[in-house]
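Counting starts at 1 for both ligands and their atoms, following the listed order.
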Amino acid sequence: MGNGAPGSVSTAARGGAALLRLAANKALLVALVYLLLGMVWILWSDRVVEALFEDAVQLTRAQTWKGWLYVAATAVLLYAVLYRLLRDEATHRLRQQRQREDLDLLNQFRESIIDNANIWLNVLDAQARITVWNKAAEQISGYRREEVIGGDAVWEWLYPDPDYRADIARRVRAILDEGAEVEGFETHIRCKDGQVKTMAWNQRRFFDERGQVGSIAIGQDITERKRLQEELERMAVHDPLTGLYNRREFELLAARRFADCVEAGHPYSLLWVDIDEFKAVNDRFGHQVGDEVLCGVAGVLQAVVGGQGIAARYGGDELVVALPAVALPEARALGEIVRQRVQAARLLADCDADAALTVSIGAAQRDAAMHDLMALASAADAAMYRAKAGGRNRVCGPA
Ligand SMILES: Nc1nc2c(ncn2[C@@H]2O[C@H](COP(=O)(O)OP(=O)(O)OP(=O)(O)O)[C@@H](O)[C@H]2O)c(=O)[nH]1
């Protein structure tokens, strides 16, 4: 896999032909120089020998010596030329062999990096078929390379939903056809064992040494990171014990709905729920039981009003429910249902069959004098204290 541009094939072929032409021209030049030197030698040496020797026997001997001299000189010349050519050729071959060895080493190194990288790495050809599938891809997906290499069936396995798969296929085509790049793109894959994992992808196009288009994808399994992130987000807005919204989130959400209701002229009510004699529960049965009771009351509250309002743990044993667009009579009725259900739940039955656990509830509705959520909350809190003062286990409204 490389980054060569398309057309590199014809460039290489043109380069090879030019080199061959250069070699042929050089050889022709050497042959012509040899021919010329030979002709000059024969013409010149014949004249010199004929001028020097008149005797036929001496002339023949001189011609023979001249022949030997020519053969010796051309042999030396031939040796020098061939030695240079063959030495250059040998050096060239040696260099090529070293380059091939270096390239092999580099390829082995690259393959080992691809294979042992801690991240999913796969390569696709122009038809989106898998050509490289590293160990991390095998480990994360559960699919072995023998199952996926050369085909595109893996997309159906990883993305069984046809619409989702079509969307991803469109993105891959955009990468292959238009050179689009993705960075940090998240998908949910279904692994061989049925697990669903969240992956973050970086993917881009490349051209191999033959100019063929492909795409390389690097994937990171972010399932655990996502889960932790969601858990942190959940913890930031929820009370860890009861699972209801925490006070901060309640004030944020309820205030937002309060402003909406003021603007729309809708009613807005609030229930303030406090467990009766909760300190005695802790003292008699222990903090652990107290925690379970708190959770039990929160469960009742969520079941009765969760769909209509915003239920939260305000602090200690105090729970609140904001009821946007709900008028006081309905709010009181809901409070009454909560009270009865808490009592009926017999949350202390396991500790003491006779011990009853009850709640006191204050209900209030926004009036023209209440400009913010806190004013309404104070009114509901005051109503809850009236319920306590009235003997507990009851729902009280405004005085
Ligand atoms: N188990 C448990 N107890 C808690 C928690 N938070 C606060 N409490 C206890 O809740 C009790 C609240 O008592 P109060 O509301 O003051 O009084 P009470 O006993 O409920 O009496 P009334 O409200 O007058 O009926 C205290 O004893 C706190 O220690 C908690 O998260 N778990």
Tracing side-chain contacts under 4.5 Å among Ile, Leu, Val, Met, Phe, Trp and Tyr outward from Val320 reaches Tyr245, Phe250, Leu253, Phe258, Val262, Tyr268, Leu270, Trp272, Ile310, Tyr314, Met370, Leu373, Met374, Leu376, Met384, Tyr385
For Leu294, the ligand 1 atoms with a heavy-atom partner under 4.0 Å come out as 30 (C), 31 (O), 32 (N)
In plain terms, say whether Asp283 and Lys279 are close enough for a salt bridge, that is, a side-chain N and a carboxylate O under 4.0 Å apart.
yes
Checking side-chain polar atoms at under 3.5 Å, does Asn246 have a donor or acceptor matched by the opposite partner on Arg313? no
In this structure, atom 23 (O) of ligand 1 is nearest to the protein heavy atom Lys388 NZ, 3.0 Å
Would Thr358 and Asp276 count as having a side-chain donor-acceptor pair, cut-off 3.5 Å? yes
Any N or O of Phe278 closer than 3.5 Å to N or O of ligand 1 = yes
* Asked: Is a side-chain donor or acceptor of Gln203 paired with a backbone partner of Ala217 at a separation under 3.5 angstrom?
  -> no
One finds that the ligand 1 atoms under 4.0 Å from a non-hydrogen atom of Gly290 are 1 (N)
Heavy-atom proximity to atom 31 (O) of ligand 1 ranks first, among His287, Met384, Arg313, for Arg313
Is the closest N or O pair between Asp276 and ligand 1 shorter than 3.5 Å?
no
**Study point:** Within-cutoff protein neighbour (heavy atom, under 4.0 Å) for atom 17 (O) of ligand 1
**Key:** no
Ser45 and Lys66 side chains, donor-acceptor separation under 3.5 Å: yes
among protein heavy atoms, the one nearest atom 7 (C) of ligand 1 is Gly316 CA, 3.6 Å
Practice task
For the residue pair Asp239 and Thr242, confirm or rule out a side-chain donor-acceptor distance under 3.5 Å.
Solution key: yes
When distances are taken from atom 19 (O) of ligand 1, the protein heavy atom at minimum range is Lys279 N, 2.7 Å
Atom 32 (N) of ligand 1: of Asp291, Asp274, Asn282, the nearest heavy atom sits on Asp291
Query raised in the report: Could an N or O of ligand 1 be found under 3.5 Å from any N or O of Ile275, whether backbone or side chain?
Result: yes
| Test item: side-chain donor near acceptor, Asp274 and Ser360, under 3.5 Å | no
Candidates Val359, Asp317, Thr358; heavy atom nearest atom 15 (O) of ligand 1 found on Asp317
Atom 24 (O) of ligand 1 has as its nearest protein heavy atom Arg392 NH2, 3.0 Å
For Tyr70, the hydrophobic cluster (side chain heavy atoms closer than 4.5 Å, chained through members) also holds Tyr34, Trp41, Ile42, Trp44, Val48, Val49, Leu52, Phe53, Leu59, Leu69
